[in-house]
2 protein chains.
Amino acid sequence: MTTIIRLAETASLIGDPTRAAMLYALMDGRAFTAGELAEAAGVTPQTASGHLAQLVAAGMLAVEAQGRHRYFRIASAEIGAILEGLQLVTADRIGRLPRPGPRDAALRKARICYDHLAGELGVALFAALAGAGHLRLSADGAALSDSGTALLGSLDIEVPARRRPTCRPCLDWSERRHHLAGQAGAAICTAALARGWVRRRHGSRALDVTPTGTRAFAAGFGVRLP
Amino acid sequence: MTTIIRLAETASLIGDPTRAAMLYALMDGRAFTAGELAEAAGVTPQTASGHLAQLVAAGMLAVEAQGRHRYFRIASAEIGAILEGLQLVTADRIGRLPRPGPRDAALRKARICYDHLAGELGVALFAALAGAGHLRLSADGAALSDSGTALLGSLDIEVPARRRPTCRPCLDWSERRHHLAGQAGAAICTAALARGWVRRRHGSRALDVTPTGTRAFAAGFGVRLP
DNA sequence: CCGATGCTTCGGACGAGAGCGAAACATCGA
DNA sequence: TCGATGTTTCGCTCTCGTCCGAAGCATCGG
């Protein structure tokens, strides 16, 4: 019984348009100040403050104080996965409607999912790695094989060895196939941004793959983008 | 922008305690009448009717009229996955609290997730099948290997060949590992219920594994339950 | 046909919660 | 120390949505 109540509370937190807008703005994994999130959601700072306090109390957001600013970010990859999943079912039930806006098309092509690459690019990357034997797919998820570890090493991409799974398949809401999450996914995403393989679109989670990036993904990972 | 609104609408539908209770009751994959769901949620029939209409309009529930009864069920496995995922994050943020009630323990041991086996039993089954080479794990998900098809055939478990994936890994919210969904998962679950390997607990998604079932899972699938 | 049962529609009452103005608090720069 | 900026707390209003009583449809059994 209490399970149901808690489930409803969690969903209800995401269910408010203002809070949903804030969570969505945070979906690219970066941290924003309370004021920025207030503007993103179109409400006054005091209103935003109340919502953010609720999300933090529920453990969905983490907060870090720096001077007179307070930076908020998504607390865990699981929260990000839920938000992506909700988009999946939302898109699913209205998928028949013909409204593929240009911005949505860019999102489908390549975007950031919390801290890793998603969209066509992310799925193609996952498929290429799996096809070349760089991933060991198991019942638990996925792990880098020896050749995969060597590949990332040769590309100077360092994957920190932490408790978090090195690889985790994450269901892509637009492609309905897995893309690479986990430490390895985050490391590749960081490297791709740092080396100019992909560029953030302003005010969006969408990414543009640069010509350099197209070459790098093809040569380094064997990714063939459509 | 509209994406955010839709996301919030979906979450908000799940966010109402009454609707959440109905969805939760339907999580075992069976269909219930409007009256039964009203009782399950603790509201009057007319209140339940309104909620059910909303869920159907949103595409989250499917409805089938039979005489003067109307049977409601979860519309798709994706909806079920979202509900399981919400439980996961909900359990995650309060996971430290030591409250493993007896009913929760039973749920963790074995339960039905929409139309297939989950919990320790489901995870052990998936691991056993994968370990014995009966599943081909790929980037897209999983498929029965030839030996897997043969195994199910020898056990008289028929897996219909439909559009739906024959196997699909589904993240288990209590075990945090995959269990077997898809056509094969549903077929095994149906067989397990029909042959008395597992028995439903009254008014719950929890399952009890019978002595017969323990032997059958061990002999047939090599499953070793803790 | 008729009553019984299951479900839905309509109307009004009630409460929860989102929103903002005003003011307090915290921190920075000078 | 002072004002400026970022954030939070308080008090209040107002809207939205849930809920139920009453009544209206549909379907079944006879």
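Here is how names work: the chains are called A, B, and so on, in the same order as the sequence lines, proteins then strands, and each is numbered from 1.
- Remark: A/F217 engages A/W197 in a ring-ring contact (aromatic ring centres under 6.0 Å, His included) (not counting sequence neighbours).
- Under the rule for a side-chain contact (heavy atoms from CB on, under 4.5 Å), the partners of A/T210 that lie at least two apart in sequence or sit in another chain are A/R199, A/T212.
- Under the side-chain contact (heavy atoms from CB on, under 4.5 Å) criterion, A/A38 pairs with A/A48, not counting sequence neighbours.
- Taking every nucleotide of DNA chain D with any atom under 4.0 Å from a non-hydrogen atom of chain A, the first and last of them, 5' to 3', are D/dA4 to D/dT9.
- Residues meeting the side-chain contact (heavy atoms from CB on, under 4.5 Å) test with B/T44, sequence neighbours left out: B/Q46, B/T47.
- Listed pair B/R70 / C/dT8 meets the phosphate criterion, a side-chain N or O lying under 4.0 Å from OP1 or OP2.
- Atom C1' of nucleotide C/dC7 and atom CG of B/L61 are separated by 16 Å, given to the nearest angstrom.
- The separation between B/E39 atom CD and C/dG6 atom P is 11 Å, rounded to whole Å.
- Listed here is the closest heavy atom pair of A/I74 and A/G80: CG2-N, 4.1 Å.
- End-to-end axis angle for the helix from C/dC1-D/dG30 to C/dA30-D/dT1, using five pairs per end and rounding to 10°, comes out at 30°.
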Given protein heavy atoms under 4.0 Å, the one-letter contact record of nucleotides 16-21 of chain C, with B base, S sugar-phosphate only and - none, is simply --SSBB

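- For A/R73, there are no side chain to side chain donor-acceptor pair (under 3.5 Å) partners at least two apart in sequence or on another chain.
- Atoms CD (B/E36) and P (C/dT5) sit 16 Å apart, rounded to a whole Å.
- With sequence neighbours excluded, the residues forming a side chain to side chain donor-acceptor pair (under 3.5 Å) with B/T33 are B/E36, listed by chain and number.
- For B/R68, the salt bridge (Lys or Arg N to Asp or Glu O under 4.0 Å) test picks out no residue, with sequence neighbours left out.
- Legend: residues meeting side-chain contact (heavy atoms from CB on, under 4.5 Å) with A/E158, ordered by chain and number and at least two apart, are absent.
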Walk me through it: do B/R111 and B/E120 pass the test salt bridge (charged side-chain N to carboxylate O under 4.0 Å, His left out)? CA-CA 9 Å; B/R111 69 176 180 280; B/E120 290 174 14; over 6 Å; no

